[in-house]
Chemist: 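Quick one: structure below, then a few questions.
None of the values given here were measured: they were computed from a predicted structure. Heavy-atom basis, side chains included; hydrogens, waters and symmetry copies ignored.
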Amino acid sequence: MDDAKAGDESVEERLRRRERELAAIYRITTALHARTNLDEMERQALLVAIETVDASGGTIYVHDPNKKVLIFKYVVGATPEITAKLQGMEIPDTTGVAGEVFHTGVSRITLEVTKDTSHNRGVDEQTGYVTKNMLTVPLKSMAGSNLGVMQMLNRRYGRFDDADRNVLEILSAQAASAMETARLYEEARRASVINLIGDISHDVKNLLTPVVTGTQTLEMMMDSMYEDLDKALEGVPAEHLENISWAVDGVRGFYQEAMSMTYDGANDAQERVREIADAIKGIISVPHFETTDFRERAESVAKVLKLVAERKGVTIDLSGLHDTEDVELDRKGMYNALYNLINNAIPETPEGGRIMVRSRRIDFNGERGLEIQVADTGRGMPAHVRERMFSDHAVSTKVGGTGLGTRIVKNVIDSHHGSIRVDSAEGQGTTFTIQIPACQPKD
């Protein structure tokens, strides 16, 4: 039962309100259907709704049916610190007024949250935000799909009433319908991309086969060649032997390492292609955690990227690695994360610069943890790149870059139940800080 009553308004005030409501409906209809990007739609819907009902802030919760949670997708009106805490937070879909409205599909006005036992006070306690009153409506499309909840907080003047609720229900229905359309559009686009990736994956796998076999064959031929050369040089005068050795020993000392790098790289690429093909077929490889020395992972990546860095005049520095033993890692995933971070840093670091990989033991939520840093002395990044770094709209600063690398990193760290942040300023370099538990939670 709502605890709101319609306030007394003159005819002129009601007409002004209705005019504003109609204008809001027109604005949201025009704005939403001019977009197909789901994130932009949700944010625009929230902004229009807040302005229309004169709220101080608001939230869009999106439902995840697999986890049975409501996710704080967008938060507007709070301080940046509170917004950072809330964005992405999950609550059980039965929690609080939002959970009630989601399940019942019935809008609700809460004039005084302190008197409402349904209000989830835990969020306010965690963030320090003070909620005084609320207007909560379901996000339900015209087709009946229940997508989540829209919630308005702390009306600036007066109090939320039935007129606010009516217009917000219209706005939320428009928003939900447009969001559903955008979701279907994204699914269709994704299906097209998946089919193309499947074809490319098959081709890449075939193209890599001669690289692997050619590398193996060349290594055997060079082994044999050096054996024959050593036999042929028996009895050659020392002064001639020195010149010959000077000419061939450089390759002798490096070719096996080069062959190993080529062979391992090609095999790793084939393995990644297999993962892509499996993902397309719906087979998602789960992380395989094992007790590992993180130093070994860092050294493996540095070995592969050392020549790339040296050609750019950049040093990869592992001297800051400490306390790396006995950490549960998905070896393949952590390799991919480190590879992406270091490989991305190389072109952004001027000649003579350094890329430093550091680690140290930390307390992670009351348990043993490991902090990993990948820091460079490079150009840094502008704010708009940094802010979108781990989102679906990540921006690459490399020519032809897709921004996928940082999303791969984020997915790996998420799978390790950890966190990652980036600190950077133009001209001052970039530091990625990763924190993970030393022992992975047992599900």
Side-chain angles (χ1 to χ4, degrees), residues 64 67 69 71-72 80-92 122-123 125-128 284-303 305 316-345 354-376 381 386-387 389-391 394 405-424 429-443:
D64 184 332
K67 294 183 178 180
V69 296
I71 304 169
F72 284 78
E81 293 76 20
I82 292 177
T83 299
K85 289 180 181 179
L86 287 175
Q87 210 105 322
M89 182 187 289
E90 299 176 357
I91 59 172
V123 174
E125 291 170 0
Q126 279 184 268
T127 62
I284 307 300
S285 60
V286 297
H288 175 66
F289 294 106
E290 54 187 306
T291 302
T292 306
D293 187 336
F294 172 74
R295 180 184 295 275
E296 180 271 330
R297 293 286 79 193
E299 289 176 345
S300 297
V301 175
K303 178 181 177 182
L305 292 176
I316 299 176
D317 182 358
L318 305 183
S319 64
L321 290 174
H322 303 290
D323 305 318
T324 58
E325 304 86 359
D326 302 326
V327 182
E328 288 188 357
L329 301 175
D330 173 25
R331 290 167 53 83
K332 186 193 304 179
M334 187 56 69
Y335 179 96
N336 290 333
L338 280 177
Y339 185 99
N340 274 286
L341 289 176
I342 296 173
N343 190 50
N344 286 348
R354 304 177 78 79
I355 299 169
M356 296 149 285
V357 184
R358 303 185 286 250
S359 64
R360 66 186 182 101
R361 289 288 184 178
I362 59 166
D363 177 89
F364 188 89
N365 297 331
E367 305 289 340
R368 286 191 311 123
L370 184 69
E371 181 178 272
I372 302 160
Q373 286 191 335
V374 178
D376 64 62
M381 61 181 72
R386 185 179 65 250
E387 290 166 0
M389 180 61 62
F390 299 112
S391 73
T406 50
R407 274 181 278 169
I408 290 171
V409 174
K410 180 66 164 58
N411 290 340
V412 170
I413 304 310
D414 286 347
S415 74
H416 283 75
H417 302 89
S419 64
I420 182 168
R421 74 171 192 270
V422 57
D423 299 295
S424 183
T430 298
T431 300
F432 289 91
T433 301
I434 296 165
Q435 294 186 337
I436 58 173
C439 297
Q440 291 298 312
K442 300 298 186 285
D443 294 328

Chemist: Would you say that more than 12 heavy atoms from the other residues, nucleotides or ligands in this model lie under 6.0 Å from the CZ of F72, or not?
Modeler: yes
Chemist: D376 side chain to T430 main-chain N or O, any donor-acceptor pair under 3.5 Å?
Modeler: yes
Chemist: Under the criterion side-chain hydrogen bond (donor to acceptor under 3.5 Å, both in side chains), I'd like the reasoning laid out for E371 against Q435: C-alpha separation, chi angles, the key distance, then a yes or no.
Modeler: CA-CA 4 Å; E371 181 178 272; Q435 294 186 337; 2.8 Å; yes
Chemist: When S359 is tested against each of L318, L321, I434 for side-chain contact (heavy atoms from CB on, under 4.5 Å), which residue passes?
Modeler: L321
Chemist: Given side chains that start at C-beta, do those of Y335 and D330 come closer than 4.5 Å, heavy atoms only?
Modeler: no
Chemist: Does any part of the side chain of L370, heavy atoms only, come nearer than 4.5 Å to the side chain of I362, both counted from C-beta?
Modeler: no
Chemist: If you define the side chain from C-beta out and look only at heavy atoms, does anything of R368 sit under 4.5 Å from R361?
Modeler: yes
Chemist: By salt bridge (charged side-chain N to carboxylate O under 4.0 Å, His left out), which residues pair with E296, not counting sequence neighbours?
Modeler: R331
Chemist: How would you list, by chain and number, every residue that makes a side-chain contact (heavy atoms from CB on, under 4.5 Å) with D414, sequence neighbours excluded?
Modeler: K410
Chemist: Side-chain contact, heavy-atom cut-off 4.5 Å: I342 with I316?
Modeler: yes
Chemist: Could you walk me through whether D323 and R360 pass the salt bridge (charged side-chain N to carboxylate O under 4.0 Å, His left out) test, one step at a time?
Modeler: CA-CA 6 Å; D323 305 318; R360 66 186 182 101; over 6 Å; no
Chemist: State the CD1-CG distance between I355 and D317, to the nearest 0.5 angstrom.
Modeler: 10.5 Å
Chemist: Test of understanding: with ring-ring contact (aromatic ring centres under 6.0 Å, His included), list the residues that count as partners of F289, not counting sequence neighbours.
Modeler: H416
Chemist: Would you say E90 and K67 make side-chain contact, with heavy atoms under 4.5 Å?
Modeler: yes
Chemist: Flag the pair T431 / M356 as yes when at least one side-chain heavy-atom distance between them is below 4.5 Å, and no otherwise.
Modeler: no
Chemist: So, the side chain of N343 versus the backbone of Y339: is there a donor-acceptor pair under 3.5 Å, distance only?
Modeler: no
Chemist: Assess the side chains of T324 and D293: does a donor N or O sit below 3.5 Å from an acceptor N or O?
Modeler: yes
Chemist: I need the E299 CD to L338 CG distance, nearest 0.5 Å.
Modeler: 11.5 Å
Chemist: Does some side-chain heavy atom of L329 sit less than 4.5 Å from a side-chain heavy atom of R297?
Modeler: yes
Chemist: Would you please test Q373 and T433 for side-chain hydrogen bond (donor to acceptor under 3.5 Å, both in side chains) and show each step?
Modeler: CA-CA 5 Å; Q373 286 191 335; T433 301; 3.2 Å; yes
Chemist: Quick one: does P437's side chain get under 4.5 Å of E367's, heavy atoms only?
Modeler: no
